[in-house]
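Structure first, then comments.
If you read the sequence from its start, that first residue is 1, and numbering goes on from there. In this text the structure is predicted, and so the values were computed from the model without any measurement.
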Amino acid sequence: EFAKRPNVLFVLGGPGAGKGTQCERLVKECGFVHLSAGDLLRAERKSGSAHGDLIAKYILDGRIVPVEITVSLLAKAMAESGRTRFLIDGFPRNENNFEGWKAVMGDSVDVEGVLFYDVDDETRLDRLLERGKTSGRTDDNADTIQKRFRVFKEETMPVVSHYDKLGRVFRIDGAPEVDQVFKATLRAVAPVVK
Ligand code: UP5
Ligand code: MG
């Protein structure tokens with residue numbers, strides 16, 4: 001159990017929007033715990049878990065892994081951190097993820113809202129193809145990137161819209177250079193950092 005009621009900011013944005021990059025900076029500056037759902041899934045795959053092959057297949061196809069797997073990895077990482085302020089990066093990716101989160105977390109965790117990085121497809125494609133030269137990520141290839149982009153538009157944007165209607169989206173232009181995006185990020189999260 002948590003010593004204090006945990007609170008969470010979901011961090012969303014298309015593939016290559018800079019979610020991971022900005023979260024790392026926020027960890028240094030504001031003491032959040034950063035949990036990337038994608039990183040947790042990649043680590044789970046590498047660990048040789050029973051779900052490893054399934055995870056590898058979904059990631060290669062740019063598809064969303066069954067929520068039971070992802071939420072249990074998130075819940076475990078949250079509990080093991082011993083901390084209470086989290087950036088949950090790259091999740092929830094669709095309505096079903098969101099339902100799965102609520103089913104497991106219920107009212108035990110406060111969700112402050114969504115930090116949303118807005119960057120056009122062309123810029124994100126360039127970034128990912130460049131990163132793909134060295135990342136070793138099986139999904140950083142032109143074919144999978146197109147699939148990831150489609151899933152983001154069709155399935156993840158509705159989650160962003162849901163929070164937008166609640167007035168809970170911190171929208172940030174993620175196209176400028178990293179330092180500039182980070183300044184905008186700090187301004188956006190000021191109300192929740194307290
Ligand atoms: N870069 C970053 N910011 C820049 C800037 N301002 N200017 C110039 N360059 C910038 O950045 C991407 C690249 O751009 C880097 O090279 C960086 O240096 C540069 P990064 O910070 O890594 O962007 P990010 O948004 O984190 O991109 P990522 O590729 O991680 O996003 P995805 O959402 O595609 O990846 P994720 O790891 O979240 O998911 C991968 C797959 O896992 C999914 O497709 C899915 O199959 C699976 N998954 C699930 O099934 N469920 C989940 O809940 C999560 C993932
Ligand atoms: Mg990332």
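- For the pair Arg124 (side chain) and Pro15 (backbone), a donor-acceptor distance under 3.5 Å is present.
- Here the two rings, on His162 and Phe98, have centers that are under 6.0 Å apart.
- Residues Arg127 and Glu130 are not paired through a salt bridge, judged by the lack of any N-O separation under 4.0 Å between the basic side chain and the carboxylate.
- At least one donor-acceptor pair under 3.5 Å links the side chain of Ser161 to the backbone N or O of Met157.
- Gly62 and Thr144 make their closest contact through N-CG2, 3.9 Å (heavy atoms, listed as atom of the first residue, atom of the second, distance).
- Put simply, the side chain of Val71 does not reach to within 4.5 Å of the side chain of Asn97, judged on heavy atoms.
- At a threshold of 4.0 Å, the pair Asp61-Lys57 counts as salt-bridged, since one of the basic side-chain nitrogens sits closer than that to a carboxylate oxygen.
- Side-chain contact check for Val181 versus Tyr117: some heavy-atom pair is nearer than 4.5 Å.
- No side-chain heavy atom of Arg93 sits under 4.5 Å from any side-chain heavy atom of Val159.
- We find that Lys133 and Asp140 are not joined by a salt bridge, their nearest charged nitrogen and carboxylate oxygen being 4.0 Å or further apart.
- Around NZ of Lys183, the count of heavy atoms belonging to other residues, nucleotides or ligands within 6.0 Å does not exceed 12.
- Put simply, the side chain of Ile55 does not reach to within 4.5 Å of the side chain of Arg42, judged on heavy atoms.
- The residues Asp107 and Arg5 are annotated as not salt-bridged, no charged nitrogen and carboxylate oxygen being separated by less than 4.0 angstrom.
- The cluster map of Ile, Leu, Val, Met, Phe, Trp and Tyr, joined by side-chain heavy atoms under 4.5 Å apart, puts Val193 and Leu115 in the same cluster.
- Considering all non-hydrogen atoms of both residues, Gly100 and Val67 come closest at CA-CG2, 4.0 Å.
- Of all the heavy atoms in Phe149 and Leu125, the pair that sits closest is CZ-N, 3.7 Å.
- In terms of hydrophobic clustering, with Ile, Leu, Val, Met, Phe, Trp and Tyr side chains grouped at heavy-atom distances under 4.5 Å, Val169 and Val119 are assigned to different clusters.
- Counting only heavy atoms from C-beta outward, the side chains of Phe116 and Tyr163 never approach each other to under 4.5 Å.
- Other residues, nucleotides and ligands contribute over 12 non-hydrogen atoms within 6.0 Å of the CZ atom of Arg131.
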Set out, in order, the CA-CA distance, both residues' side-chain angles and the distance that settles side-chain hydrogen bond (donor to acceptor under 3.5 Å, both in side chains) for Thr123 and Asp126, then state yes or no.
CA-CA 5 Å; Thr123 303; Asp126 288 347; 5.9 Å; no
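- Side-chain contact check for Val11 versus Ile88: every heavy-atom pair is 4.5 Å or farther apart.
- With values rounded to the nearest 0.5 angstrom, Met78 atom CE is found 13.0 Å from Arg85 atom CZ.
- Put simply, Trp101 and Val160 are part of the same group of oily side chains (I, L, V, M, F, W, Y) that touch within less than 4.5 Å, one to the next.
- With rounding to the nearest 0.5 Å, the separation of OG in Ser36 from NE2 in His34 is 5.0 Å.
- Side-chain atoms of Lys19 come within 3.5 Å of backbone N or O of Gly13 as a donor-acceptor pair.
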Determine, step by step, whether Ser81 and Phe86 satisfy the side-chain contact (heavy atoms from CB on, under 4.5 Å) criterion, reporting the C-alpha distance in whole Å, the side-chain angles of both residues, the deciding distance to 0.1 Å, and the verdict.
CA-CA 10 Å; Ser81 74; Phe86 301 96; 3.3 Å; yes
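- A heavy-atom distance below 4.5 Å is not found between the side chains of Asn94 and Pro158.
- Contact record, Phe182 with Leu26: CE1-N, 3.6 Å, taken as the closest heavy-atom pair.
- Closest approach of Asp89 to Cys23, counting heavy atoms only: CB-SG, 4.1 Å.
- Listed here is the closest heavy atom pair of Cys30 and Leu186: SG-CD2, 3.9 Å.
- Contact check on Lys147 versus Asp143 returns a salt bridge, with a Lys/Arg side-chain nitrogen under 4.0 Å from an Asp/Glu carboxylate oxygen.
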Give the C-alpha distance, both sets of side-chain angles, the deciding distance and a yes or no for side-chain contact (heavy atoms from CB on, under 4.5 Å) between Leu128 and Arg148.
CA-CA 11 Å; Leu128 292 178; Arg148 290 157 69 193; 4.0 Å; yes
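- Looking at Val114 and Leu9, their side chains never come closer than 4.5 Å, going by heavy atoms from C-beta outward.
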Would you sort out whether Glu155 and Asn96 count as a side-chain contact (heavy atoms from CB on, under 4.5 Å), showing the intermediate values?
CA-CA 9 Å; Glu155 303 201 43; Asn96 179 254; over 6 Å; no
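- Using a cutoff of 4.0 Å between basic side-chain nitrogens and carboxylate oxygens, Asp179 and Arg25 are scored as salt-bridged.
- Side-chain atoms of Arg83 come within 3.5 Å of backbone atoms of Gly31 as a donor-acceptor pair (strictly under, hydrogens ignored).
- Linking Ile, Leu, Val, Met, Phe, Trp and Tyr whenever their side-chain heavy atoms come within less than 4.5 Å puts Val8 and Val104 in one cluster.
- The line from CG of Leu60 to OG1 of Thr138 is 5.0 Å long, rounded to the nearest 0.5 Å.
- Between the CZ atom in Phe32 and the CG atom in Asn7 there is a gap of 7.5 Å [rounded to 0.5 Å].
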Check against side-chain contact (heavy atoms from CB on, under 4.5 Å), Ile145 and Leu129
CA-CA 9 Å; Ile145 290 168; Leu129 290 176; 3.8 Å; yes
